[in-house]
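Chain identifiers are assigned alphabetically (A, B, ...) following the order of the sequence lines, protein sequences preceding nucleic acid strands; residue numbering begins at 1 within each chain. Since this is a predicted model, take the numbers as computed values, not measurements.
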There are 2 protein chains.
Amino acid sequence: MKKYISVLKRTQLFSGVGEDEILSMLSCLTAKTGSYKKGQYILHQGEYSGNIFVLVEGKVHIQRDDYWGNRSILGQISVGEMFGESYVAPESGALLNDVVAVEDSVVMMFDVKRILTTCSSACRFHSLLIQNVFFAISEKNKKLVQKLDHMSKRTTREKLMSYLSEESKRQNNSKIAIPFNRQQLADFLAVDRSAMSNELCKMRNEGLIEFKKNLFTLL
Amino acid sequence: MKKYISVLKRTQLFSGVGEDEILSMLSCLTAKTGSYKKGQYILHQGEYSGNIFVLVEGKVHIQRDDYWGNRSILGQISVGEMFGESYVAPESGALLNDVVAVEDSVVMMFDVKRILTTCSSACRFHSLLIQNVFFAISEKNKKLVQKLDHMSKRTTREKLMSYLSEESKRQNNSKIAIPFNRQQLADFLAVDRSAMSNELCKMRNEGLIEFKKNLFTLL
DNA sequence: ACCTTTTCGTTGTAAAAACAACAGACTTGT
DNA sequence: ACAAGTCTGTTGTTTTTACAACGAAAAGGT
């Protein structure tokens, strides 16, 4: 557990909290860790969960497969980011998505009740933690709104441009690395891979973008 | 302000708090009210806001118009629901959407800082309030995920079925009233209105659904 | 270094959506 | 009750997407 303290220190969740405090909070919050091999499911659609998860190693996808095997990727979680926070309310029901490790991953789980109920013991930073969770969840919220923004575009090209521009804005660079391969990007934007691939090449021919593998440049 | 206490009492935000307590909390939170005529903008895309809003009268849409006038409706807020909560984090930046009154509306605004910072005075229920905000925001999160679920469907028919089934599940009834007219529903699902109208009628002819105005029945 | 598997681009065809234009039904205000 | 405006369904055309199939390039394992 201790080896991940330095990772936690840099997360939005524990922002402003020192390493020593984090260590004591972890026991107070009865945090648990879990390791998952590439491809393993961390959470299954339909399950119930009252935990907030923080990824401390690896990379995971929040996704969903329908009856016919069509996959839809809701989002990608990198080290330091949080997931599972949409289901912490008492009546929020079953998970709507699977959470899958796309690389060997380690997650940390926190019982929500423990987070929200200020403890009597040494956690001087508990109220700060609550605030951090709050901000983290509202940022997540904003991310979802941004994704909806891409998805509400009518054409594949518009979806691509919307996604790439936002990513460029976020990374503050016209050269960006995206965390998806082509199939994953297609599943993320809810379009057909081959049609998307085709559209990307057209855009390149028209001088709008350049790309090589998952490295894109906006022109 | 007092006339809306009974409305607030029934919101998720003030769940578990009595009317008397709400009244004292309102001043402690320095809550403000605002009235808007049908069609008026409550918030503008690009603005900054550190407030959480609760609708206490009327009906508003969270939406966005692009350069070419294409409208996209992110969501609809009914009396008792909250909005603006995605932008409360210190670094969350400008609003991505407009908020527009689709009926004469009254909103209540709360400064986030006031909510998160436990006050010294009489607010015995303050920590409960924080918990409530937390749950409310995570529910909102889930709503967005559900909307993404509809939008990730490839065909108009699938989007419609996804939306209508969820609504039916939520209202626990196969007969449902939707809060949109045709154009609004199309803007909500990001499809063309006439194509959608067409699809709805095909679905009716095939015996999948029945509808009259904004009343739908799943068969 | 070789074989296997995955990823990516390409093409053609079929299906679906967008777009535009219009008529009838229904609302709203006066 | 009437006129003006809005909402909804309908149709035909154009554009875009999905789907399927394939070969080349790249990646990964032994």
Side-chain angles (χ1 to χ4, degrees), chain A residues 37-39 61 66-73 100 102-104 150-164 177-206 208-216, chain B residues 37-39 61 66-73 100 102-104 150-164 177-206 208-216:
Chain A
K37 287 277 164 202
K38 176 176 177 171
H61 278 179
D66 68 13
Y67 284 125
W68 303 272
N70 301 313
R71 173 161 299 172
S72 148
I73 297 180
V100 185
V102 289
E103 294 174 5
D104 292 357
H150 308 143
M151 307 254 311
S152 65
K153 298 287 185 295
R154 302 303 167 84
T155 65
T156 300
R157 174 176 297 215
E158 281 179 305
K159 287 179 189 174
L160 283 166
M161 282 312 268
S162 179
Y163 170 69
L164 292 173
I178 67 168
F180 299 122
N181 64 30
R182 295 289 182 280
Q183 182 63 61
Q184 290 167 342
L185 180 58
D187 291 340
F188 181 75
L189 296 176
V191 295
D192 179 72
R193 181 198 59 79
S194 68
M196 184 192 76
S197 198
N198 195 267
E199 196 63 34
L200 278 171
C201 293
K202 278 193 209 160
M203 289 162 75
R204 177 171 55 190
N205 295 340
E206 293 174 27
L208 281 168
I209 57 173
E210 277 174 8
F211 57 88
K212 188 179 175 186
K213 300 233 0 160
N214 69 328
L215 266 57
F216 288 76
Chain B
K37 287 276 166 205
K38 177 176 178 173
H61 279 180
D66 68 14
Y67 283 125
W68 303 271
N70 302 313
R71 173 161 298 172
S72 148
I73 297 179
V100 186
V102 289
E103 293 173 6
D104 291 358
H150 308 144
M151 308 254 310
S152 65
K153 297 287 186 293
R154 303 303 168 82
T155 64
T156 300
R157 174 176 298 214
E158 281 178 305
K159 288 180 189 174
L160 283 166
M161 281 312 266
S162 179
Y163 170 69
L164 292 173
I178 67 169
F180 299 121
N181 64 27
R182 295 289 182 280
Q183 183 62 60
Q184 291 168 340
L185 180 58
D187 290 341
F188 181 74
L189 296 176
V191 295
D192 179 73
R193 181 198 60 79
S194 68
M196 186 192 76
S197 198
N198 195 269
E199 196 63 37
L200 279 171
C201 292
K202 278 193 209 160
M203 289 162 74
R204 176 172 54 190
N205 295 340
E206 294 174 28
L208 281 167
I209 58 172
E210 277 175 7
F211 57 88
K212 189 179 175 184
K213 299 229 1 154
N214 69 329
L215 267 56
F216 289 77

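- Taking for each of A:N214 and B:R154 the nucleotide of DNA chain C with the nearest heavy atom, the 5'-most of the two is the partner of A:N214.
- Note on ring orientation: taking the six-membered ring where Trp is involved, the planes of A:Y163 and A:F180 are tilted (angle from 30° to 60°).
- In this structure, A:F180 reaches neither bases nor backbone, as no heavy-atom distance under 4.0 Å exists between it and the strands shown.
- The CH2-P distance, from B:W68 to C:dA20, rounds to 14 Å in whole Å.
- Residue-level contact check: B:T155 touches the backbone only, with heavy atoms under 4.0 Å from sugar-phosphate atoms and none from bases.
- Distance CZ (A:R157) to C1' (C:dA18): 16 Å, rounded to an integer number of Å.
- As judged by a 4.0 angstrom heavy-atom cut-off over every strand, B:T156 is placed among residues touching the sugar-phosphate backbone only.
- Residue contacts shown for B:N181 are limited to sugar-phosphate atoms, with no base heavy atom under 4.0 Å away.
- Distances shorter than 4.0 Å separate some side-chain N or O of B:R182 from OP1 or OP2 on D:dG9.
- Between the CD atom of A:E158 and the C1' atom of D:dT17 there is a distance of 14 Å, rounded to whole Å.
- Of the side-chain N and O atoms in B:K202, none sit less than 4.0 angstrom from OP1 or OP2 of D:dT10.
- In the interface, the side chain of A:R193 is paired with the base of C:dG9 through a donor and an acceptor atom under 3.5 Å apart.
- Contact annotation: side chain of B:S194 to base of C:dA20, donor-acceptor pair present below 3.5 Å.
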